Peer 1: 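Can you keep this structure in mind? I'll have questions shortly.
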Amino acid sequence: MSTAARTRARRWRWRSLLTAALLVIFHALPWLQWDGRQALLLDISARRFDLFGWTLWPDDIGVLLGLLAVLAVSLALLTHLAGRVWCGHACPQTLWSRAFDAIDRTLARWLPRALARPATQAAWLLLSLWTGITFVGLFSPIRELLSGAASGSWSGWETFWVLFYAGATWGNAGFLREQVCRSLCPFARMQPLLTDPHTPRMLYDARRGEPRGARAHGLGGVRDRGRGLLDPTTAQDYVFRAAHPLLAGPMPRFSADRLGDCTDCSACVRACPLQLDIRHGPQAECLACGACLEACQAQQQQAGFGAGLVRYCSPQAMAGQPRQGWRARTTALASALLVLLAWGAWRLL
């Protein structure tokens, strides 16, 4: 395996650590102190927003809206340049779904089957409740909130919002899962407006992988046995046939030495939280979470073919074309961000 391929493999294994780090940061935010006060507190009742030593009052609503606009444009620019890194690695729906999955797997491994399911639900509810308390703790002082919970003196609104966000976390991460991304999230529907052929995404190397099929181990990859890569038209024809068997008819049979590196194990499909088949081409619903990449890599290494059959890259890079850093959308988004930052600096001076 090449050094670059090994680097890609190690990079995607950091997903679990990144998820844990972001969850810890979220739950730690209300506890941070700055000059004796809660560092991040959006106290609506007092009409005072404390942001790490920077206090905003009602007259500063324009600054707050400008800050939100900067964050929104920055997210759009990040998505344009780097793909769906937010959706796949930092979105709350993704983070809490992974946390729930980790709880489910851990308890299923250590507890008898009869106890694992109720214990999982109980752990999910506890995490959801703590998430609700943490979120409300960003709007009401967290220490007073916990003291009120111990003494039973929560206000009606505090009780409502803690239970509301706890229920939303439990329902979204525990049951709705990918349906939130597929049907409810407005940002997911905006992705096609932000991306272009130079934007990275999860891609299957059809020239190397097709025609797919099971074969005995030890034959080596297409490069090792001299078959080489297919031309793009032939590779896409095989992809279309595999994706539309009723329309294209059955695939022809190939000898083992003519098969591509895809062993048709479907590990990538099973690993995908949305049950997408990356081999069918780029799909708007793909979160670019890397689950299919890791699953395919494990199968390819077991077969002795090496990494890179599924890669996170742009269609232009997959086709061997040079990367174009600045495009029309890049210029528009970067210009909008610079204008917002300049306006914010002018307002604060």
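Model, not experiment: these values are computed from the prediction. Position 1 is the first residue of the sequence; numbering continues from there.
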Peer 1: Judged by atom type as modelled, is there a donor-acceptor pair below 3.5 Å linking the side chain of Gln300 to the main-chain atoms of Leu309?
Peer 2: no
Peer 1: Might you work through the side chain to side chain contact (heavy atoms under 4.5 Å, CB included) test for Asp104 and Arg117, ending with a clear yes or no?
Peer 2: CA-CA 8 Å; Asp104 191 11; Arg117 191 58 185 169; 4.3 Å; yes
Peer 1: Name the orientation class of the two ring planes belonging to Trp31 and Trp130 (parallel below 30°, tilted from 30 to 60°, perpendicular beyond 60°).
Peer 2: parallel
Peer 1: So, do His27 and Thr134 sit near enough that their side-chain heavy atoms are less than 4.5 Å apart?
Peer 2: yes
Peer 1: Over 60° means perpendicular and under 30° means parallel, so classify the ring planes of Trp157 and Phe160, tilted if in between.
Peer 2: perpendicular
Peer 1: In this structure, which one of Leu193, Asp196, Thr199 forms a side-chain contact (heavy atoms from CB on, under 4.5 Å) with Arg329?
Peer 2: Asp196
Peer 1: With sequence neighbours left out, what residues match Arg182 under salt bridge (Lys or Arg N to Asp or Glu O under 4.0 Å)?
Peer 2: Glu285
Peer 1: Does Glu158 offer a backbone N or O that forms a donor-acceptor pair with the side chain of Ser155 under 3.5 Å?
Peer 2: yes
Peer 1: Show the nearest heavy-atom pair for residues Gly221 and Phe305, with the distance to one decimal.
Peer 2: N-CD2, 3.5 Å
Peer 1: Distance check, rounded to the nearest 0.5 Å: Asp277 atom CG versus Gln275 atom CD?
Peer 2: 10.0 Å
Peer 1: Going by side-chain contact (heavy atoms from CB on, under 4.5 Å), Thr19 matches just one of Leu23, Leu22, Leu17. Which one?
Peer 2: Leu23
Peer 1: Counting N and O atoms only, with roles assigned by atom type, does the side chain of Arg327 sit under 3.5 Å from a partner on the main chain of Gln324, one being a donor and the other an acceptor?
Peer 2: yes
Peer 1: Side-chain contact test, heavy atoms from C-beta onward, threshold under 4.5 Å: evaluate it for Pro200 versus Arg84 and give yes or no.
Peer 2: no
Peer 1: So how far is it from Arg223 CZ to Leu229 CG, rounded to the nearest 0.5 Å?
Peer 2: 5.0 Å
Peer 1: Show the numbers, then the answer: is there a side chain to side chain contact (heavy atoms under 4.5 Å, CB included) between Arg227 and Leu230?
Peer 2: CA-CA 8 Å; Arg227 196 214 72 173; Leu230 298 177; 3.4 Å; yes
Peer 1: Donor-acceptor pair, Arg311 side chain versus Gly308 backbone, under 3.5 Å?
Peer 2: yes
Peer 1: Could you tell me whether the side chain of Leu274 reaches within less than 4.5 Å of the side chain of Leu287, counting heavy atoms only?
Peer 2: yes
Peer 1: Using a 3.5 Å distance criterion without hydrogens, assess whether the side chain of His89 forms a donor-acceptor pair with backbone atoms of Val85.
Peer 2: no
Peer 1: Taking the side chain from Ser140 and the backbone from Val136, do they hold a donor-acceptor pair closer than 3.5 Å?
Peer 2: no
Peer 1: Identify all side-chain donor-acceptor contacts of residues 53-75 below 3.5 Å with residues at least two apart in sequence or on another chain.
Peer 2:
residue: Thr55; atom: OG1; partner: Asp50; partner atom: OD1; Å: 2.9
residue: Asp60; atom: OD2; partner: Trp57; partner atom: N; Å: 3.0
residue: Ser74; atom: OG; partner: Val70; partner atom: O; Å: 2.7

Peer 1: Please lay out, stage by stage, how Phe139 and Asp43 fare under the test side chain to side chain contact (heavy atoms under 4.5 Å, CB included).
Peer 2: CA-CA 5 Å; Phe139 297 87; Asp43 194 340; over 6 Å; no
Peer 1: Tell me whether Arg215 contacts the main-chain N or O of Asp257 through its side chain, where contact means a donor paired with an acceptor under 3.5 Å.
Peer 2: no
Peer 1: Between Glu294 and Arg15, is there a salt bridge with N-O shorter than 4.0 Å?
Peer 2: yes
Peer 1: Might you point out which heavy atoms bring Ala295 and Ala271 nearest each other, and give the distance in Å?
Peer 2: CB-CB, 3.7 Å
Peer 1: Please lay out, stage by stage, how Trp326 and Thr331 fare under the test side-chain hydrogen bond (donor to acceptor under 3.5 Å, both in side chains).
Peer 2: CA-CA 7 Å; Trp326 285 91; Thr331 302; over 6 Å; no
Peer 1: I'd like to know if the side chain of Gln297 reaches the main chain of Cys292, judged simply by a donor and an acceptor atom lying under 3.5 Å from each other, with no hydrogens or angles considered.
Peer 2: no
Peer 1: Got a second to check how far Cys262's SG is from Glu210's CD, nearest 0.5 Å?
Peer 2: 6.0 Å
Peer 1: Please answer whether the main-chain N or O of Phe100 pairs with a side-chain N or O of Trp124 as donor and acceptor at a distance below 3.5 Å.
Peer 2: yes
Peer 1: Under the 3.5 angstrom rule, does the side chain of His80 hit a backbone N or O of Leu194 as a donor-acceptor pair?
Peer 2: yes
Peer 1: Identify every side-chain donor-acceptor pair in residues 163-174 under 3.5 Å, counting partners at least two apart or on other chains, and give the distances.
Peer 2:
residue: Thr169; atom: OG1; partner: Tyr165; partner atom: O; Å: 2.8
residue: Trp170; atom: NE1; partner: Gln121; partner atom: OE1; Å: 3.3
residue: Asn172; atom: ND2; partner: Ala168; partner atom: O; Å: 3.3

